[in-house]
Amino acid sequence: MQGKMGLLLLAAAFSAAVFMQMAVATNVVPAIYVFGDSTADVGNNNFLPGNQAKANFAHNGIDFPGGTPTGRFSNGYNGIDYLAKKLRFKKSPPAYLSITREAMLYRGANFASGGSGILDATGRNISISLNQQIKDYEEITRHLKSRVGATAADRFLSKSLFIFSTGNNDMLGFYTVFGLKNATQQDLLIGQLANQFKNQLQTLYNLGARKFVVFGASRLGCVPTLRRAIPSGECAEDLNKLSQQFNKATEAVLHSLASTLKGFSYSFIKVYDIISVVSSNPTKYGFTDLVSACCGSGKFNAESSCTPNATYCSNRDQYFYWDRLHPTQATSRLISNTAFRGRKYTTPVTVEQLADSRRRY
Ligand SMILES: *[C@@H]1O[C@H](CO)[C@@H](O)[C@H](O)[C@H]1NC(C)=O
Ligand SMILES: *[C@@H]1O[C@H](CO)[C@@H](O)[C@H](O)[C@H]1NC(C)=O
Ligand SMILES: *[C@@H]1O[C@H](CO)[C@@H](O)[C@H](O)[C@H]1NC(C)=O
């Protein structure tokens, strides 16, 4: 019995090592590791206690294969799924909490959690903080190294992509609590976010990450839940400015890390710019409604979240927003597909270029 078990383990270790070698020998991205908030979550929050920050019920997932809710805050796929599809994955790697450590070895894992932000205080008690997500990743790398050895693991990780979509909830939370009246206070917030994010990226670099994809913040001030609260129904332009300030600071962080850390490379996705272009000519991109949520109730369909008793639109591909906070899969598809090859909407390289291991930057 003992001997058989030993043999089995040996066989498993051998195949993992062979797989890693094969994976790094090609130009395909071997694994994807995802960090962030509800724009990236594919079901981690399903495993958390309580009812907040969840999407594992109808009408979420109505356009997902099988029409099933998965925990994605979307009518179907999210932006991570579409980027993963471009990288020859079927969709995002599975939610970290939904699979075994062994299953994560080969193609990565998604650690993202709806409600979380860069700061620990953001989404506390209802989500998994970014710092905790990084600790969870650390645990995986330890397992990986014990299975295939440090050298093979490092090579594997250096070709993998580390994708981030975060910061939105930190700004939304700040805006909700303080409003945007005090420029000094806003500068402090952005400084704090940039500083913390820099430390988090550096920690991942120390744990073997080399290729970083970062989704910039969207036009946060235009989410239906905020427009609903403004009598004229316009966007909260002060919050849009804060998003832009955050994006600038994030770009500077990435640039600085790339110029000090050997082998650090990145693609920053200018989500804000992509949305601005779409907004200036929505019909060209197939949208007829940029203002209201498809699923919800009341003014702009933003007075309730997308619960099973909410109503929803039938022409979901023509809506920019799925619920009062999140984009439809049509929007996510457009953003990720644009980021994959769009030189104008990524800096300094596209996601496709970053993924290509034959190139060096
Ligand atoms: C989080 O939970 C702890 C322990 O239950 C509680 O003391 C704390 O007030 C909660 N924090 C927030 C922000 O809800
Ligand atoms: C703005 O915020 C800073 C930092 O929190 C504070 O020191 C200052 O008193 C505030 N100014 C006003 C006018 O409220
Ligand atoms: C759905 O039901 C919940 C609980 O009864 C209620 O709070 C909410 O307002 C309802 N939403 C809609 C859109 O009717």
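Sequential numbering from 1 along the given sequence is applied to the chain's residues. Side chains included, hydrogens not; waters and symmetry mates left out as well; all remaining heavy atoms used.
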When rounded to the nearest 0.5 angstrom, what distance separates [atom1] in [X] from [atom2] in [Y]?
{"X": "L193", "Y": "T122", "atom1": "CG", "atom2": "OG1", "result": "7.5 Å"}
{"X": "R219", "Y": "Y272", "atom1": "CZ", "atom2": "OH", "result": "5.5 Å"}
{"X": "L105", "Y": "I140", "atom1": "CG", "atom2": "CD1", "result": "7.5 Å"}
{"X": "I32", "Y": "L161", "atom1": "CD1", "atom2": "CG", "result": "6.0 Å"}

Side-chain H-bond candidate by donor/acceptor type, [X] with [Y], under 3.5 Å:
{"X": "T331", "Y": "T328", "value": "yes"}
{"X": "Q353", "Y": "D356", "value": "no"}
{"X": "S305", "Y": "D323", "value": "no"}
{"X": "S160", "Y": "K211", "value": "no"}
{"X": "Y96", "Y": "Q133", "value": "no"}
{"X": "S74", "Y": "H326", "value": "no"}
{"X": "T346", "Y": "S267", "value": "no"}
{"X": "S129", "Y": "S116", "value": "no"}

My understanding is that only residues two or more places apart in sequence, or in another chain, count here; which of them pass side-chain contact (heavy atoms from CB on, under 4.5 Å) with R210?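 R210 satisfies side-chain contact (heavy atoms from CB on, under 4.5 Å) with S158, Y205 once adjacent residues are dropped.
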
With sequence neighbours excluded, what pairs up with T311 under the side-chain contact (heavy atoms from CB on, under 4.5 Å) test?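 If we apply the side-chain contact (heavy atoms from CB on, under 4.5 Å) test to T311, skipping adjacent residues, the hits are N301.
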
Salt bridge (charged side-chain N to carboxylate O under 4.0 Å, His left out) between E139 and K135: does it pass, once the steps are laid out? CA-CA 6 Å; E139 166 75 25; K135 287 203 183 102; over 6 Å; no

Heavy-atom distance under 4.5 Å between the side chains of [X] and [Y], does that happen here?
{"X": "L180", "Y": "L239", "value": "yes"}
{"X": "E102", "Y": "H143", "value": "yes"}
{"X": "Y77", "Y": "K85", "value": "yes"}
{"X": "Y106", "Y": "P30", "value": "no"}
{"X": "V278", "Y": "F287", "value": "yes"}
{"X": "T347", "Y": "E251", "value": "yes"}
{"X": "I269", "Y": "V214", "value": "no"}
{"X": "T250", "Y": "F268", "value": "yes"}

Assess whether atom [atom1] of [X] is packed by more than 12 heavy atoms of other residues, nucleotides or ligands within 6.0 Å.
{"X": "Q132", "atom1": "CD", "answer": "yes"}
{"X": "N51", "atom1": "CG", "answer": "no"}
{"X": "F300", "atom1": "CZ", "answer": "yes"}
{"X": "K248", "atom1": "NZ", "answer": "no"}
{"X": "K270", "atom1": "NZ", "answer": "yes"}

From CA spacing to verdict: side-chain hydrogen bond (donor to acceptor under 3.5 Å, both in side chains), E237, N240: CA-CA 5 Å; E237 289 305 340; N240 284 343; 3.0 Å; yes

Would a single hydrophobic cluster contain both [Y] and [X], if residues Ile, Leu, Val, Met, Phe, Trp and Tyr are joined by side-chain heavy-atom contacts under 4.5 Å?
{"X": "L83", "Y": "F64", "answer": "no"}
{"X": "W322", "Y": "L172", "answer": "no"}
{"X": "F89", "Y": "I99", "answer": "yes"}
{"X": "F174", "Y": "I126", "answer": "no"}
{"X": "V291", "Y": "L334", "answer": "no"}

For [X] and [Y], work out which heavy atoms get closest and say how close.
{"X": "Y321", "Y": "C222", "result": "OH-O, 3.3 Å"}
{"X": "R324", "Y": "P224", "result": "O-CD, 3.3 Å"}
{"X": "N168", "Y": "S218", "result": "OD1-N, 3.8 Å"}
{"X": "G167", "Y": "D37", "result": "N-OD2, 4.2 Å"}
{"X": "N44", "Y": "A112", "result": "ND2-O, 2.9 Å"}
{"X": "L157", "Y": "L207", "result": "CD1-O, 3.7 Å"}

Listed partners of Q200 passing side chain to side chain donor-acceptor pair (under 3.5 Å), at least two apart: N131

Show, in sequence, the C-alpha distance, side-chain angles and deciding distance for F164 and F215, and conclude whether the ring-ring contact (aromatic ring centres under 6.0 Å, His included) test is met. CA-CA 6 Å; F164 297 80; F215 282 85; over 10 Å; no

Could you give me the CA-CA distance, side-chain angles and deciding distance for D289 and Q318, then say whether side-chain contact (heavy atoms from CB on, under 4.5 Å) is met? CA-CA 6 Å; D289 196 320; Q318 295 172 7; over 6 Å; no

As a quick check of understanding, evaluate side-chain contact (heavy atoms from CB on, under 4.5 Å) for I128 and F111, giving each step before the final call. CA-CA 8 Å; I128 305 159; F111 302 94; over 6 Å; no

Are F162 and Y137 close enough that their ring centres sit under 6.0 Å apart?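 They qualify: ring centres under 6.0 Å apart.
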
Kindly write out the residues that satisfy ring-ring contact (aromatic ring centres under 6.0 Å, His included) with Y319, not counting sequence neighbours, or none if the list is empty. none

Residue among I80, N78, V34 satisfying side-chain contact (heavy atoms from CB on, under 4.5 Å) with V42: N78

Between E352 and the options R88, K86, R341, R343, the salt bridge (charged side-chain N to carboxylate O under 4.0 Å, His left out) test singles out R341

Please, which pairs that meet salt bridge (charged side-chain N to carboxylate O under 4.0 Å, His left out) have at least one residue in residues 178-193, sequence neighbours excluded?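 Listed by first then second residue: nothing to list.
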
Salt bridge (charged side-chain N to carboxylate O under 4.0 Å, His left out): which pairs involve residues 51-73, sequence neighbours left out?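 Sorted pair list: D63-R316, R72-D81.
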
Only one of D41, T166, N45 passes side-chain hydrogen bond (donor to acceptor under 3.5 Å, both in side chains) with S113, and that residue is N45

